[in-house]
Each structure stands twice: as structure tokens, then as C-alpha cells.
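Step one of this worksheet: look at the structure below.
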Protein chains: 2
Amino acid sequence: MNDQRLITILHARSVKPTAMRLLVLDMLAQQETAISLSDLEEQFDKVDKVTLYRTLKTFEQHKIIHSIDDGTGSAKYALCSEGCECNPGDLHVHFHCQLCKRTFCLTDYTIPAVNLPQKFVLKEMNMVMKGLCEDCST
Amino acid sequence: MNDQRLITILHARSVKPTAMRLLVLDMLAQQETAISLSDLEEQFDKVDKVTLYRTLKTFEQHKIIHSIDDGTGSAKYALCSEGCECNPGDLHVHFHCQLCKRTFCLTDYTIPAVNLPQKFVLKEMNMVMKGLCEDCST
DNA sequence: AAAGCCATGCAACCGATTTGCAAAGTTATG
DNA sequence: CATAACTTTGCAAATCGGTTGCATGGCTTT
């Protein structure tokens with residue numbers, strides 16, 4: 001993605017476009033699946049993991065990315081769609097492949113509504129499906 | 001719960017009823033919400049955490065309890081219903097209260113089905129709702 | 001009673017995440 | 001332009017939940 005577009009994304013979410021952030025955002029934009037901090041680290045020649053960690057935190061707080069708990073013990077991160085506010089209604093299902101270990105954002109699959117018992121107030125939700133992805137099921 | 005019933009439960013799942021296991025099972029049966037290994041440890045005067053850990057693992061393998069990943073970073077455990085085989089169809093929704101930090105098994109609320117994209121094969125799933133529980137929402 | 005197996009307890013390790021702190025870079029102010 | 005104030009970055013080290021190795025102890029089997 002060209003720098004100007006990256007800067008625009010950051011600007012739209014009030015995050016200052018440092019060199020590091022542009023690199024990380026660009027890398028995230030290139031992924032076709034959600035990636036972990038360690039995955040991200042491996043894609044760079046030489047970066048400090050803690051800096052990446054803090055960059056991801058900043059992005060997450062500003063809703064540039066969302067984090068996914070796929071149950072593997074390491075959080076995954078993926079770009080939010082434009083204008084996403086990470087509200088329950090915006091949320092999509094995630095799929096973790098038990099074979100290739102990739103975690104997919106099924107952005108077109110919204111989490112179905114569940115009636116909660118009386119007086120339970122819903123703020124967030126997480127739905128992860130696990131099994132075999134399209135590449136691994138055949 | 002009386003010892004005989006506890007022994008029956010263990011026996012039904014082919015787990016030998018040691019003193020430790022009976023204590024742990026009884027404690028789990030007393031909980032109204034799912035608890036973590038650390039929670040469990042605190043409820044005893046003096047036990048080895050690793051023994052509790054292994055006891056929980058044994059129970060989980062034999063489907064006496066199920067583990068819940070509520071996204072807090074510490075796994076929670078709760079008794080399975082009788083005859084549970086932990087198949088996708090048996091699964092219920094869990095609710096984590098962001099205020100009191102308790103995690104509820106909503107056993108009457110089954111996880112709704114989601115159509116997956118072509119060729120994705122579903123094996124397991126996890127659905128966690130977060131917000132305020134009945135005691136904290138008022 | 002001896003041999004074998006399983007359960008328990010303690011020490012120590014592991015990976016992911018998080019914090020502390022100082023150095024480097026940026027921005028605001030005089 | 002120079003300095004002060006603030007933010008970001010890099011490195012070290014701590015934390016935390018989960019896990020493994022190994023020796024001891026108890027029960028079962030022969």
C-alpha cells in the first residue's frame with residue numbers, strides 16, 4: 001500500500017505516522033490472515049519485539065486493528081475495516097485452522113445474535129470456529 | 001455432594017477416585033460459575049498447584065469438566081452436564097462479566113450455527129459474550 | 001514381600017505478555 | 001535558533017499462566 005494511503009489511515013484514527021508505524025501498518029495490510037506478534041516480528045529483519053507490541057497496542061486502542069483470541073494462546077491481529085468501531089454489531093466470526101494454524105477473519109460472516117438471560121448486558125463478544133480451512137480440507 | 005455420588009461420576013468416566021480427585025470434584029460441583037486453576041487453589045488451605053493442574057487435565061480428558069477460554073488469559077473450568085461428549089452440538093455459550101470477573105456457563109443457550117465458506121470444515125467452536133452479569137448490571 | 005504402576009509434590013522451565021527506564025526523536029515555546 | 005516538554009523507541013528484566021522432569025509415596029498385582 002502506498003505511503004500516502006497508510007498515512008491517511010493513521011490520521012483518520014488520530015495516530016501519528018512514525019516510520020515504524022507505517023512499516024507495521026503496511027505489513028499488516030499485506031497479510032491475508034490475522035497474525036501474532038511473533039509472526040510479525042519474523043517478517044522484519046531486525047526489530048524490537050516490544051516496540052512492535054506497543055505499536056499493536058496503539059493500533060488496537062485506536063481501532064486500526066482488532067485482536068483475536070483464537071484460543072491458541074497467542075493473540076492475533078488484523079486490520080479493521082474502514083470505519084469499524086468494534087461494536088458487537090460490527091463483529092465477524094474468526095476461523096482457526098488446526099492444520100496450517102492460520103487464523104482467518106470471516107469478515108462477511110457476522111456473529112449471530114444470542115438472547116441473553118434477563119439483566120445480562122452485552123458489551124463484546126468473541127466467536128471462533130476451529131477446524132480445517134479451504135486449503136487444508138482437501 | 002455426597003461421596004458416593006462423586007465416586008459414581010468418576011467411575012462413569014473411568015477415572016479412579018482418589019482422595020484428591022474427590023475433593024476437587026466436590027469443590028467444582030459447589031461452584032456456580034466456572035473457575036480458574038488459581039481460583040481453585042485459593043479455595044483449599046494447602047494444595048500443590050501442579051496436582052490441581054493435573055487433576056483438572058485428567059477431568060477434562062475424561063469429559064468430567066470442560067475448559068473455557070473466556071479471553072482473560074486464564075482458562076476456566078466447569079462441570080460438564082451428564083453424558084456430555086463435548087461435541088460442537090453440545091456446546092453452550094459462556095458469559096464473562098467484566099465487572100465481577102466471573103465466567104458463567106449459559107448451559108441453556110446453545111451456540112447458534114454459522115454457515116462457513118465453502119470447504120471450511122468445522123470441528124470445534126467457542127463463543128464468549130462479555131459485559132455485565134445480572135448481579136452487576138443494576 | 002517384591003515388582004510395577006499411578007498419583008502426588010516440588011523445582012524448574014517455557015512462551016506470551018507487560019513494565020521500567022534511559023536514549024533518541026519530535027513538537028511546542030520563547 | 002535554542003531549550004523545554006512530550007512521545008516514541010530499544011533493551012533488560014519481571015510477571016503470569018501453563019507445562020514438564022523427576023523423585024517420593026501409595027496402592028495393586030503377582
Side-chain angles (χ1 to χ4, degrees), chain A residues 3 6-7 10-11 13-28 34-62 64-78 96 101 103 126 128, chain B residues 6-7 10-11 13-28 34-62 64-78 96 101-103 126 128:
Chain A
D3 260 31
L6 298 174
I7 291 174
L10 293 179
H11 189 73
R13 301 291 190 168
S14 312
V15 173
K16 278 192 261 180
T18 66
M20 184 83 246
R21 287 170 182 168
L22 290 171
L23 282 175
V24 173
L25 183 57
D26 190 36
M27 195 60 88
L28 286 165
I35 60 171
S36 69
L37 174 56
S38 301
D39 294 338
L40 187 59
E41 186 187 20
E42 284 172 19
Q43 305 213 18
F44 287 99
D45 267 347
K46 175 185 152 310
V47 270
D48 177 37
K49 201 166 190 168
V50 178
T51 302
L52 290 179
Y53 167 77
R54 285 198 257 237
T55 302
L56 290 174
K57 280 287 165 214
T58 302
F59 284 2
E60 190 183 359
Q61 279 160 15
H62 290 81
I64 293 167
I65 61 176
H66 59 281
S67 77
I68 301 140
D69 179 354
D70 60 13
T72 59
S74 62
K76 304 293 185 300
Y77 302 88
H96 176 72
K101 312 298 181 195
T103 296
N126 182 37
V128 180
Chain B
L6 298 172
I7 292 175
L10 294 179
H11 189 74
R13 300 292 191 168
S14 312
V15 173
K16 277 193 262 181
T18 66
M20 184 84 247
R21 286 171 183 167
L22 290 172
L23 281 174
V24 173
L25 183 57
D26 189 36
M27 194 61 90
L28 285 166
I35 61 171
S36 69
L37 173 56
S38 302
D39 295 337
L40 188 59
E41 187 187 18
E42 284 172 18
Q43 305 211 20
F44 287 100
D45 266 347
K46 174 184 154 308
V47 271
D48 178 36
K49 203 167 188 165
V50 177
T51 302
L52 289 180
Y53 168 77
R54 286 197 257 238
T55 301
L56 291 174
K57 280 287 165 212
T58 301
F59 285 0
E60 190 183 0
Q61 280 161 14
H62 290 80
I64 294 168
I65 62 176
H66 59 279
S67 78
I68 302 140
D69 179 355
D70 59 14
T72 60
S74 62
K76 303 294 185 299
Y77 301 89
H96 176 72
K101 312 296 184 197
R102 289 183 297 171
T103 296
N126 182 35
V128 180

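Bear in mind that the values here come from a model prediction, so they are computed numbers and not experimental data. Convention: sequence-line order gives letters A, B, ...; per-chain numbering from 1.
Distance CG/B/Leu37 to OH/B/Tyr53: 9.0 Å, rounded to 0.5 Å. Separation of atoms OG1 (A/Thr55) and CG (A/Leu25) is listed at 10.5 Å; rounding is to 0.5 Å.
In this structure, B/Lys49 places its NZ atom 12 Å from P of D/dT19, rounding to the nearest Å. Distance, B/Glu42 CD to D/dG17 P: 10 Å, rounded to whole Å. D/dG10 atom C1' lies 14 Å from atom CG of A/Leu37, rounded to whole Å. Atom CG in A/Leu52 sits about 12 Å away from atom P in C/dT17, given to the nearest Å. Atom CG of B/Leu25 is separated from atom P of C/dA7 by 15 Å (rounded to the nearest Å). For A/Ile68 and C/dT17, the CD1 to C1' distance is 17 Å, given to the nearest whole Å.
Contact record, A/Asp70 with A/Thr103: OD2-OG1, 2.6 Å, taken as the closest heavy-atom pair.
As judged by a 4.0 angstrom heavy-atom cut-off over every strand, B/Thr51 is placed among the base-contacting residues. When heavy atoms are screened at a 4.0 angstrom cut-off, B/Lys46 is found touching no nucleic acid atom at all. Residue contacts for A/Arg54: at a heavy-atom cut-off of 4.0 Å it reaches a base atom on one of the strands shown.
If B/Thr58 and A/Ser38 are placed on DNA chain C by their nearest nucleotide, the residue sitting closer to the 5' end is B/Thr58.
Nearest to the side chain of B/Lys16, among C/dC6, C/dC10, C/dT27, sits C/dC6. For A/Tyr53, counting side-chain heavy atoms from C-beta on, the closest listed nucleotide (C/dT18, C/dG9, D/dT9) is C/dT18. Side chain of B/Val50, nearest nucleotide from C/dT19, D/dG10, C/dC10: C/dC10.
Heavy atoms from other residues, nucleotides or ligands lying under 6.0 Å from NE2 of A/His62 number more than 12.
Within the 4.0 Å cut-off from OP1 or OP2 of C/dG25, not a single side-chain nitrogen or oxygen of A/Thr18 is found.
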